[in-house]
Amino acid sequence: MATDEQKEKMLDALEAVIDPELGIDIVNLGLIYEVDLDDDGLATVNMTLTTMGCPLTDYLSDNINQVLKALPDVKDVEIELVWYPQWTPDMMSRYARISLGIG
């Protein structure tokens with residue numbers, strides 16, 4: 001189980017993954033539900049997408065793998081797409097809402 005510091009580093013790294021349609025990172029969009037890291041270096045990311053069948057799934061997965069594997073403790077990444085709770089704009093950070101003009 002990841003320490004709070006490891007989770008924070010993972011979330012900080014994931015802020016570099018930008019949704020190209022919205023221009024906002026996946027953390028501030030509220031797409032990341034949970035991150036964890038086991039003793040073997042397997043990073044698990046529970047996340048959702050704004051819509052089922054999102055055409056950016058592979059793009060986001062590749063970028064998530066890239067930024068997390070750059071962290072010293074991470075050896076492998078497993079992404080679990082979840083659909084509950086369903087994503088809504090209310091899940092975005094204040095920063096994301098302001099950036100998209102829905103403050």
Any heavy-atom pair between the side chains of [Y] and [X] that's under 4.5 Å?
X     : Y     : answer
Asp12 : Glu8  : yes
Met47 : Leu49 : yes
Ile79 : Asn65 : yes
Val35 : Leu14 : yes

[atom2] on [Y] to [atom1] on [X], rounded to 0.5 Å:
X     : Y     : atom1 : atom2 : answer
Leu68 : Glu78 : CG    : CD    : 12.5 Å
Asn63 : Asp58 : CG    : CG    : 11.0 Å
Ile98 : Ser93 : CD1   : OG    : 8.5 Å
Leu56 : Ser61 : CG    : OG    : 10.5 Å
Thr50 : Glu21 : OG1   : CD    : 7.0 Å

Over all heavy atoms of both residues, which pair between [X] and [Y] is shortest? Give the atoms and the distance, please.
X     : Y     : value
Lys75 : Lys69 : O-CE, 4.2 Å
Trp87 : Gly30 : CD1-O, 3.7 Å
Met1  : Gln6  : O-OE1, 4.4 Å
Met10 : Ala43 : CE-CB, 3.6 Å
Met92 : Leu29 : CG-O, 3.4 Å

Honestly curious: do [X] and [Y] fall in one hydrophobic cluster under the side-chain, below-4.5 Å linking rule?
X     : Y     : value
Val17 : Val82 : yes
Trp83 : Ile32 : yes
Leu31 : Met52 : yes

Okay, side chain of [X], backbone of [Y]: is any donor-acceptor separation there less than 3.5 Å?
X     : Y     : value
Asp38 : Asp40 : yes
Asp36 : Ala2  : yes
Tyr33 : Leu81 : no

Worksheet item: What do the steps show when you test Thr48 against Gln86 for side chain to side chain contact (heavy atoms under 4.5 Å, CB included), and what is the final call?
Response: CA-CA 8 Å; Thr48 195; Gln86 184 177 355; over 6 Å; no
Worksheet item: Please walk me through it: do Glu80 and Val45 pass side chain to side chain contact (heavy atoms under 4.5 Å, CB included)?
Response: CA-CA 6 Å; Glu80 297 179 13; Val45 179; over 6 Å; no
Discussion item. Using the side-chain contact (heavy atoms from CB on, under 4.5 Å) criterion, which residues pair with Asp25? Sequence neighbours excluded.
Written reply: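 By the side-chain contact (heavy atoms from CB on, under 4.5 Å) rule, Asp25 matches Glu15, Ile18, Val27, Asn28, Tyr95.
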Worksheet entry | Partner residues of Pro72 under the side-chain contact (heavy atoms from CB on, under 4.5 Å) criterion, sequence neighbours left out |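 Expected list: none.
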Worksheet item: Should Ile64 and Ile26 be marked as a side chain to side chain contact (heavy atoms under 4.5 Å, CB included) after you check the CA-CA gap, both sets of side-chain angles, and the distance that decides it?
Response: CA-CA 10 Å; Ile64 289 167; Ile26 60 175; 3.8 Å; yes
